[in-house]
Student: 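Following this message is one structure expressed as structure tokens.
Chain naming here is simple, since letters A, B, ... match the order of the sequence lines and numbering starts at 1 in each.
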Amino acid sequence: MNFDFTEDQQEIRATARDLLASRSTWERVRGHAEAGAQDEALYTELGGLGWPGIAVAEEHGGQGLGMVEFVILLEALGEACAAVPLRGTALAALFVEHAGSPGQQAQWLPGLASGELRGALGTWADGVGELVPDAVGADIVVLLDTDGGASLVPAADASIEPVASIDPTRRYARVSVAEGGGVELLTSDTSEALRRAEVGVAAGLVGVSQRALDMTVAFVKERKQFGVPIGSFQAVGHKAAQMLFDTEGARSATLFGAWAADADTDQLPLGAAMAKAAASAGGRTTTAAAIQLHGGIGFTWEADLHWLYKRAQLDAVFLGGPATHRARISALSAERVVAATR
Amino acid sequence: MNFDFTEDQQEIRATARDLLASRSTWERVRGHAEAGAQDEALYTELGGLGWPGIAVAEEHGGQGLGMVEFVILLEALGEACAAVPLRGTALAALFVEHAGSPGQQAQWLPGLASGELRGALGTWADGVGELVPDAVGADIVVLLDTDGGASLVPAADASIEPVASIDPTRRYARVSVAEGGGVELLTSDTSEALRRAEVGVAAGLVGVSQRALDMTVAFVKERKQFGVPIGSFQAVGHKAAQMLFDTEGARSATLFGAWAADADTDQLPLGAAMAKAAASAGGRTTTAAAIQLHGGIGFTWEADLHWLYKRAQLDAVFLGGPATHRARISALSAERVVAATR
Amino acid sequence: MDLTFDATEAQFRDELRDWLSTNGPGPEPEGEDEQYAWRRDWQRKLHDGGWAGVHWPVEYGGRGATMVESAIFYEELARSGHPLPANVLGLLLGGPTLMVWGTPEQKDRYLNPILSAEEIWCQGFSEPEAGSDFAAVKTRAVEQADGSFLVTGQKVWTSGAQYSKWCMLVARTDFDAAKHKGLTYFLMDMDQPEVQVRPLKQITGEAEFNELFIEDARIPAENVIGGVGNGWKVALTTLMNERAGLAFGLQVRLRVMLDELTEIAASSGQIEDPRVADTLGELHLRCEILRLTAYRGLTATMKYGQPGPEGSLTKWMWSETNQMLTQFAADVVGPEALTMGTKWSYELLRARGNTIEGGTTEILKNIVAERVLGLPKAR
Amino acid sequence: MDLTFDATEAQFRDELRDWLSTNGPGPEPEGEDEQYAWRRDWQRKLHDGGWAGVHWPVEYGGRGATMVESAIFYEELARSGHPLPANVLGLLLGGPTLMVWGTPEQKDRYLNPILSAEEIWCQGFSEPEAGSDFAAVKTRAVEQADGSFLVTGQKVWTSGAQYSKWCMLVARTDFDAAKHKGLTYFLMDMDQPEVQVRPLKQITGEAEFNELFIEDARIPAENVIGGVGNGWKVALTTLMNERAGLAFGLQVRLRVMLDELTEIAASSGQIEDPRVADTLGELHLRCEILRLTAYRGLTATMKYGQPGPEGSLTKWMWSETNQMLTQFAADVVGPEALTMGTKWSYELLRARGNTIEGGTTEILKNIVAERVLGLPKAR
């Protein structure tokens, strides 16, 4: 039992956070968000560092590391609210690797792993995927049916129509198959890939929550009202404590999900549902609390908190909101309990 | 629009509260609760004052007042946590009056209205009513089916087996029809009676919440920690404010329900569901918060808060818990909205 | 107890409904300035119809409506879907404050142009460093030899400043007096280059509010309201009037949104999911309790001159419920609610401000604990 | 990162499970005294089997288990359904405090009888007026000519006092020193008529705790732990050990109850109601997060000597979740859960104490805000 990162993992975490702290400052995030653009320079740099392929097998051009390393990077990207389409690429790679044919793997994985190709993951119904993140500029889009099937749509075959979501730190699109375009089905079971994707999205939310907490703590230590720092008011301190509670709870669940993916896939379904349920609910509450504790300032465009709030809103419902995942936890737990009592 | 009591109603309220403040002290409530007994002297006195029949028509021996007066008394009884079976008698009378035949009304109402007969109301399934409040010593028990039907069981025909619930300020029983015993069905629609009963139970819960709040406010003004009254800590003050919020919200809903019963029965179904939903949830949260704000003392037998907590637990589920009534509110609202858009 | 409108009230409501059904501002134009002009025209129409200063006494050009009628006015206005009149701060705050503290000359001079929307008013209370803490107001007003004042400082959260003629300004005139004591309440002319208005963009991307940068702006002596050094008391009058009637409009807006959400849940079949129905039930319950509690407060105010304990709760209830509703809408409405430019996404973002503006929920809870429950002042 | 038990840990667990499956306390007798004697016998059995002082160093007669193994011990004990050993406060708090602060003679004298349950320990920290405020301790210990102390005062929340030989007593020895400074930590002999134990009945109707009335009780000089005037520091050691291992047992008890509730919901069909499933899902989530967070804290403690930020959260999480679970059980289980004498009703009532005992949630939040987040001390 060792619930901590290895030295290598700690190194990856520190490096990733340091890098993003200098490359993805609020000024830079804001600049891209206001322009409705992605940070191309940063994406290229991260591709060069192999981030999109961190969990892709070495034989497919990736780094062959695990989901724990994957969530370390995604949490850091969430924390920085980085305006790069990296998550889409990495999530698409998960599906190609875990549910694609050897041919699909050979065709797409090396490019996705190096970041030279871009991917996106979304859900669709009746042939249309709404608010597919990172789809603008993607070379390939993976679209999930409601029944668990997944389709692979190359950009050439797709109609990708940009849509402005409330989160401009990512570019979203309405995706459908273009007239005359083709769709490949991913033939293997997609559930392993989807569970990993859920954990990855949860990790980004944990990063968002952590950043909201850190900004809030720094603010309430400085900001004075009635002659004292507002952090000395219990109403403020206790709300910040609740933010920590929600953030750390979601982090525990997300790390569990990542570890399960790497070491004990029997526990992955539960771990993924736990991660997404906790991080989605936590992402919403912590970013809302951060705005509240900043008072009027927190509600302004300049305060930068709103990027976190908006990203949390989108990520919280992406691949299922809290209620969806609580229902899964409940079903899995009931299954276990009923099996044990038989 | 006048959302306040009339002078007569204010007079009733003040008199009722004064009377109970002197007759139903904690010492007396505790004495009866610990002995597993009801306060017979007080019940007799209240019967003499016509409380059980306050809303019963004058032709049946009641006072012919309305549901607003009825909830004023039931709130006062809840506030005093009085150990009398008055509610059971009054609720049984509601069913006989609003759903009984003329014969049943003539047979039972005068006795119930004067308190000379005792009644009880409960729910049953498969011929058994569990935890029927005020059933011990009742002359007549009204039992509700899950499908809206109601049966009238005279004590002589019933098997009434005392059961100790966690709330010893009322006496509960397991009720079934005794071998060879008879059951009369209430032939008219019982929904009007049931809605009124829900409002009445809600009123008792509002009283319980109010008392929990008052005791807490008094305590946190006096009790010192770290050299100051604990009421000066925001964590304490804000929790007390939340208690007020929950209490007053439930009170608004309950008064609305009572008024609707008297003046606008079209709104009674919504009003009753609102009252019971708000007062049930509020009763649980306010009494729990009262214990918390009293700290260790609040958890002791001597603190008397636990009588309120326990009564709230029983009353919160009696005639349906918060979830049941929220579902009804939702259904009624959806009906209204859909009708309006057609 | 009577929770229906009496005959007079019902007549007032029916007359108003009639009027609102045949009178309106017309289609909303594009552009912020255009929209403001449209709301100004709308106020003129209301004024011409006798509906501008509903709760103002007849002697000041109002309709002399009761508090219940005033509540009905804002309820019906919200229900009609028509916008608020442009000079809402003048009507709700400025006018009533002048009626209490103004000299006869001031009332003569200022009240009528408020009603007619000829002169728009804005409110200059908050400052960047002061937040909810009035004692921390730093804007300075220094008396000159001629009795006028030169004002320098910064104000924030000033809505409508760019369209305003007059600003209700609280500034410090005595720098030695403790805390609240050295404050004075002024009417500052916004038409001077010494007052700069900078829009303050919010989370929604819109600039509903402004910052004011004031440098040596001049205010003549006759524009002091309620006397030099008495600013705290005058400001309290303004604050007490804040949202008094507006609350009823907000409550109806909430109800209209909730009904719309219920309709979406019903027509999409989502309401069959007991979890969805449960949350809708809770929202309807809160919404209705808010309405009832607001009316309880109104009755108490009319009978006893001040609201009962429930009066402090309505803004807190409304803001929490609105946040709960708009967040839930993101789940029920789906992608549209997270897409820019839709009503639902605007409401989701805008609702974040509800628990901050007009007194944070934390401050409101302090007030409830101290003033309603009588607990010792929070430490 | 490895969230499974390693080979040694797994072996420890298997060995323990084996032992617990063939050893137990036997059927629980009726009566409070009889139950205590039964738990005392059970501790003797644990001791004979080498399972009494699992986390105590071998030199003090313990098993020298790692922190993870100690956690496993309490998890498995809870899972087995067997009770805690009688002298749980001696094992978890008294012994470890002595190991840090005791003299060699004190360790020789006291440690072994703790393990064997020969001498039971209780804790005399809280006082009626002091609550969570150590600085307010009023119990006085006055040094006599012979170096012994005469103690007078009142303590509260003392569980097991009626069975105890020794009380970990914090009393004031310097009446001039400020706040925490004048406190001393004693071992007080409970076998003297100057110490009266009065049961303190709780909301459950049981008297799990006691009040101590102390009047001129004598404590010899050699029973001071950690030096006169050093009581605050010594007490902190005790408090730091509080619940360290026990938390794992509580967490498993919660899981066992939740599984039982899930079983009831499944077999009664209630789980088909998405609202019921939703709450069960939330409870399972919280329960599992609690377990994971507790292990994260353990890893941090083993690696860095202290838990990370998550360490302060587990008691708060557990108490809230337990309250949520037992309240929800009232809805799912039905009348039985509100009937006296049932497990569910006991748990519903008992859970109210969880957010108070061992530090109220309010105090825990203060600690998180101040010590974990580094916010200025709450005012």
Side-chain angles (χ1 to χ4, degrees), chain B residues 1-6 9 66 68 213 216-217 220-221 228-229 231-234 236-245 247-253 255-256 258-260 262-264 267 270-271 273-274 277-278 281 322-323 325-334 336-338 340-341, chain C residues 1-6 9 68 71-72 258-260 262-263 265-267 271 274 276-293 295-300 302-304 308-310 312-313 316-317 362 364-370 372-379:
Chain B
M1 173 63 64
N2 171 16
F3 205 147
D4 196 7
F5 297 123
T6 62
Q9 290 164 343
V68 173
L213 173 59
T216 301
V217 166
V220 304
K221 280 181 186 171
V228 295
S232 65
F233 292 109
Q234 267 186 330
V236 172
H238 287 194
K239 209 175 176 89
Q242 184 70 51
M243 291 172 73
L244 179 80
F245 186 102
T247 305
E248 293 297 342
R251 177 172 283 130
S252 291
L255 290 175
F256 172 61
W259 168 82
D262 289 341
D264 187 0
Q267 298 208 61
L270 179 65
M274 279 172 50
H325 290 283
R326 279 197 302 269
R328 281 180 49 215
I329 296 168
S330 178
L332 289 164
S333 303
R336 175 181 55 74
V337 167
V338 171
T341 53
Chain C
M1 184 171 296
D2 180 9
L3 306 190
T4 43
F5 295 125
D6 66 25
E9 291 159 352
V68 170
I72 291 172
L258 177 56
D259 283 355
E260 204 172 325
T262 304
E263 220 290 302
S267 60
I271 208 168
V276 172
D278 189 66
T279 306
L280 285 174
E282 175 69 17
L283 286 166
H284 279 285
L285 175 59
R286 283 166 173 255
C287 204
E288 197 64 5
I289 282 180
L290 172 62
R291 181 181 70 85
L292 294 166
T293 306
Y295 272 113
R296 269 178 73 199
L298 202 58
T299 297
M302 290 170 74
K303 278 181 86 158
Y304 310 110
E310 64 291 334
S312 327
L313 303 173
W316 168 12
M317 276 186 193
E362 287 76 17
L364 294 180
K365 288 183 185 176
N366 277 356
I367 291 173
V368 170
E370 287 166 29
V372 182
L373 299 178
L375 299 188
K377 202 167 153 45
R379 307 172 60 247

Student: If I compare all heavy atoms of C:M1 with all of B:V68, which pair ends up nearest, and what's the gap?
Tutor: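 That closest heavy-atom pairing would be SD-CG2, 4.3 Å.
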Student: Identify the heavy atoms of B:T247 and B:L213 that sit nearest to each other, and give their distance.
Tutor: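 Here B:T247 and B:L213 meet closest at OG1-CD2, 4.5 Å.
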Student: Hey, does the side chain of B:S330 reach the backbone of B:R326 with a donor-acceptor pair shorter than 3.5 angstrom?
Tutor: no
Student: Has the side chain of C:R296 got a donor or acceptor atom that lies under 3.5 Å from a matching backbone atom of B:E248?
Tutor: yes
Student: With only heavy atoms counted, which part of C:E362 is less than 4.5 Å from chain B, the side chain, the backbone, both or neither?
Tutor: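 Both parts, backbone and side chain.
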Student: Using non-hydrogen atoms only, which part of B:Q242 is less than 4.5 Å away from chain C: side chain, backbone, both, or neither?
Tutor: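 Answer is both: backbone and side chain atoms of B:Q242 are under 4.5 Å from chain C.
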Student: Can you tell which part of B:R328 gets under 4.5 Å to a heavy atom of chain C, answering side chain, backbone, both or neither?
Tutor: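 Contact with chain C: none, neither part.
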Student: Can you tell which part of C:E263 gets under 4.5 Å to a heavy atom of chain B, answering side chain, backbone, both or neither?
Tutor: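 For C:E263, heavy atoms of backbone and side chain both lie under 4.5 Å from chain B.
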Student: What part of C:A277 gets within 4.5 angstrom of chain B, counting heavy atoms only: side chain, backbone, both, or neither?
Tutor: both
Student: With a 4.5 angstrom heavy-atom cut-off, is it the side chain or the backbone of C:M317 that approaches chain B, or both, or neither?
Tutor: both
Student: Would you name the heavy atoms of B:Q234 and C:A378 that are closest together and state the gap between them?
Tutor: CG-CB, 3.9 Å
Student: Between chain B and each of C:I271, C:D6, C:V276, C:D278, count heavy-atom pairs under 4.5 Å; write down the option with the most.
Tutor: C:D278
Student: Measure up the B:F245 and C:W316 rings against each other and bin them: parallel (under 30°), tilted (30 to 60°), perpendicular (over 60°).
Tutor: tilted
Student: Give the member of C:L280, C:D259, C:L290, C:L364 that has the highest number of heavy-atom pairs under 4.5 Å with chain B.
Tutor: C:D259
Student: Can you tell which part of B:A253 gets under 4.5 Å to a heavy atom of chain C, answering side chain, backbone, both or neither?
Tutor: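 Both the backbone and the side chain of B:A253 come within 4.5 Å of chain C.
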